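Below you'll find the structure, written out as structure tokens, and then a few comments.
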Amino acid sequence: MLTLAMGMRQSMGLLQPAVIEALPITAADYALAIALQNLVWGLTQPLVGMSVDRLGSRPVMVAGALLYLCGLLAARLASDAPLLMLGLGLSVGLAMSCVGSTVAMNVTSRTVSPMRRSLAMGAVSAAGSIGLLGVSPFAQHALSAGGHAGALSGFAWLALAMLPAAWLAGRVDRIPREEHAGQHQSIGQALREAAGHPGFVVMTLAYFVCGLQLVFLTTHLPTYISMCGMPSSVAAATLGLIGLFNALGSLAFGWLGGRYSRRLLLGGIYLLRSAIITAYFTSVPTPLTTMLFGAVMGGLWLGVVPLVNGLVIQLFGLRYMATLVGIAFFSHQLGSFVGAWGGGVILSSLGSYEWAWRGAVIIGVVAGLAQMSMNVRPVARMASASA
């Protein structure tokens, strides 16, 4: 489920040139549709997390797979910007709240022992990243054969395959929830507890930068590559390399998160990303350096997921994990909105991406340093339970 959802979502940048050519829309219009997708995903993720904590995972995930399918069909039939935004923006954005990493990590954390939880979440995050490796060449082939309409039709068939996966993953609802301190907390009490923890606040704010950097690249890197005179196959290969090395990075950071400081690992990811973005955009890009950039960035891509989820469990426990990770993810998606739409606005206004990548680097450095100083002391309720 996560492999297909993330693979299609991260390959939508490949469709941008074909959609702009076929429909009466601009780069800023397409970027706004992707930005809206990320904003809706972020706005609805806390509410979806609450639904998972109250109703269970299966109904939420199955509904998400259906919404994904409907959104892709709406985009396939779109003849103007509003319908495209309704499909790729509103419907797919809401679907990602139901079938994306937050719900997948909640399922994973409940199926394994605490000793193996970080590695297991890294493994599932890696499986999600493999989707880009398979879906990006599939999208490129479908674009060559049938244009943007053919690619969206192919995506719809993939979304249909998510339905049985979501149903089977919903078997986690049979597993009783762990008994621990705070089992009888209300959602309101859990939210107030999290809002009063300075470390959670810092981590949530830093997560904004993660979303901005990643969605800026997935949405606009194919266009930047085309502007530099390289063929579209380079963009597809680069996204595929991001997916491949993302899988390795997710596994690695899941393993490391079970042994070393998660806050230092998270801060290091933000700082390294900023350094690599600077190195790439200040050099003259070639197919080789572009694919090397994709490979290195891929290693730092979704390694944040097991680390953030692990920190939430460390600070507050499992009971309202989906809700609290959803709150943090809202910040991530605000950053995604700014990265997708802001990149399109800057390109349309200035004719280049220079100030877009510069902004992503500056706030990445600030976030990395702040993340490294995060307070990771569990709340008193968890400390007393451990004692």
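Quantities reported herein were computed from a predicted structural model and do not represent experimental measurements. Residues take their numbers from the sequence shown, with the count starting at 1.
- Residues Thr108 and Thr111 come closest through the heavy atom pair O-OG1, 2.9 Å.
- For the atom pair CG (Leu244) and CG (Leu239), the distance works out to 13.0 Å, reported to the nearest 0.5 Å.
- The shortest heavy-atom contact between Gly343 and Ala356 is CA-CB, 4.4 Å.
- Rounding to the nearest 0.5 angstrom, the gap separating the CD1 atom in Ile346 from the CZ atom in Arg358 is 11.5 Å.
- Looking at Gln140 and Ser233, their side chains never bring a donor and an acceptor atom within 3.5 Å of each other.
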Candidate pair Val92 and Leu67, rule side chain to side chain contact (heavy atoms under 4.5 Å, CB included), full reasoning = CA-CA 7 Å; Val92 173; Leu67 277 169; over 6 Å; no
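- In terms of hydrophobic clustering, with Ile, Leu, Val, Met, Phe, Trp and Tyr side chains grouped at heavy-atom distances under 4.5 Å, Val338 and Ile34 are assigned to different clusters.
- In terms of heavy-atom proximity, Met297 sits nearest to Leu217 at CE-CD1, 3.5 Å.
- Here the side chains of Met105 and Val308 are not in contact, with every heavy-atom distance at 4.5 Å or above.
- A side-chain donor-acceptor contact under 3.5 Å links Asp173 to the backbone of Arg58.
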#### Entry: Phe155/Tyr68 under ring-ring contact (aromatic ring centres under 6.0 Å, His included): CA gap, chis, key distance, verdict
CA-CA 10 Å; Phe155 279 9; Tyr68 213 130; 8.5 Å; no
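- Looking only at atom types and distance, the side chain of Asn246 has a donor-acceptor partner in the side chain of Ser250 under 3.5 Å away.
- Within the 3.5 Å criterion, the main-chain N or O of Ile20 finds no donor-acceptor partner in the side chain of Tyr30.
- Looking at Val99 and Val103, their side chains never come closer than 4.5 Å, going by heavy atoms from C-beta outward.
- Side-chain N or O atoms of Ser336 include none that pairs as donor or acceptor with a backbone N or O of Val215 at under 3.5 Å.
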Let me see the working for Arg76 and His148 under side chain to side chain contact (heavy atoms under 4.5 Å, CB included), right down to the final yes or no. CA-CA 8 Å; Arg76 165 67 177 80; His148 81 284; over 6 Å; no
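- For Val209 against Ala367, the heavy-atom pair with the smallest separation is CG2-CB, 3.4 Å.
- Note that CE of Met1 and SG of Cys98 are 9.5 Å apart. Values are rounded to the nearest 0.5 Å.
- Side-chain atoms of Gln371 and Arg263 form no donor-acceptor pair, as typed in the model, at a separation below 3.5 Å.
- Annotation: side chain of Leu23 is not in contact with side chain of Asp80 (no heavy-atom distance under 4.5 Å).
- Between Tyr353 and Trp357, a ring centre-to-centre spacing not shorter than 6.0 Å is recorded.
- Across Met203, Met374, Arg377, Glu193, a single residue satisfies side chain to side chain contact (heavy atoms under 4.5 Å, CB included) together with Leu315, and that is Met374.
- In the hydrophobic clustering of ILVMFWY residues, with side-chain heavy atoms under 4.5 Å counting as a link, Leu119 and Leu265 come out together.
- Between Trp301 and Phe245, the ring centre distance reaches or exceeds 6.0 Å.
- Relative ring orientation between Tyr207 and His332 is described as perpendicular, the plane-to-plane angle rising above 60° on a 0-90° scale split at 30° and 60°.
- Both Val202 and Tyr270 belong to a single network of hydrophobic side chains, linked directly or stepwise wherever heavy atoms of I, L, V, M, F, W or Y lie under 4.5 Å apart.
- When the side chains of ILVMFWY residues are joined at heavy-atom separations under 4.5 Å, either directly or via intervening members, Phe293 and Val234 end up in a single hydrophobic cluster.
- The two residues Val305 and Ser101 have their closest heavy-atom pair at CG1-CB, 4.2 Å.
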- request: In sequence, state the C-alpha distance, the side-chain angles, and the governing distance for Thr219 and Gln16, and then conclude on side chain to side chain donor-acceptor pair (under 3.5 Å).
  value: CA-CA 8 Å; Thr219 304; Gln16 178 170 298; over 6 Å; no
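- Of the possible polar contacts, one joining the Arg381 side chain to the Phe316 backbone as a donor-acceptor pair under 3.5 Å is found.
- Between Val40 and Leu90 the shortest heavy-atom distance is CG1-O, 3.7 Å.
- By the 4.5 Å heavy-atom criterion applied to side chains, Ser91 and Leu86 are not counted as neighbours.
- Looking only at side-chain heavy atoms (C-beta outward), Val325 and Asn106 stay at 4.5 Å or farther from each other.
- Side-chain contact between Ser11 and Met8 is absent, with no heavy atoms from C-beta onward closer than 4.5 Å.
- A donor-acceptor pair is defined here as one N or O able to donate and one able to accept, closer than 3.5 Å; such a pair exists between the side chain of His220 and the backbone of Gly344.
- A 4.5 Å side-chain heavy-atom check between Thr290 and Tyr280 finds at least one atom pair inside the cut-off.
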| said: As a quick check of understanding, evaluate side chain to side chain contact (heavy atoms under 4.5 Å, CB included) for Leu191 and Ile327, giving each step before the final call. | reply: CA-CA 9 Å; Leu191 293 176; Ile327 296 293; 3.9 Å; yes
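- The CG atom of Leu292 lies 9.0 Å from the CG atom of Leu241; values are rounded to the nearest 0.5 Å.
- To the nearest 0.5 Å, the span separating CD1 on Ile269 from CD on Gln213 amounts to 10.5 Å.
- Using a distance-only test at 3.5 Å, with no hydrogens or angles considered, a donor-acceptor pair links the side chain of Gln37 to the main chain of Leu88.
- Looking only at distances, a side-chain donor or acceptor of Ser118 sits under 3.5 Å from a matching main-chain atom of Gly254.
- Side-chain contact check for Gln10 and Thr218: no donor-acceptor pair (N or O, by modelled atom type) lies under 3.5 Å.
- Gln333 contributes atom CD, which lies 11.0 Å from atom CZ of Phe208 (distance to the nearest 0.5 angstrom).
- The main-chain N or O of Met96 is never found under 3.5 Å from a side-chain atom of Arg9 such that the two would form a donor-acceptor pair.
- Side-chain contact between Phe253 and Leu302: absent, with no pair of heavy atoms (C-beta onward) separated by less than 4.5 Å.
- Criterion: ILVMFWY side-chain heavy atoms under 4.5 Å apart, direct or through other members. Under it, Val345 and Leu347 are not part of a common hydrophobic cluster.
- Under the 3.5 Å distance criterion, with hydrogens and angles disregarded, no donor-acceptor pair is assigned to the side chains of Thr223 and Ser226.
- At distances below 3.5 Å, not a single donor-acceptor pair connects side-chain atoms of Gln45 with backbone N or O atoms of Phe330.
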For this session: Start with the C-alpha gap between Trp41 and Phe337, add the side-chain angles, then the distance that decides, and say whether side chain to side chain contact (heavy atoms under 4.5 Å, CB included) holds.
Result: CA-CA 10 Å; Trp41 186 1; Phe337 176 85; over 6 Å; no
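- Proximity of a side-chain donor or acceptor of Arg262 to a complementary backbone N or O of Leu307 within less than 3.5 Å is not detected.
- The aromatic rings of Phe216 and Phe281 lie tilted to each other, with the angle between the two planes from 30° to 60°.
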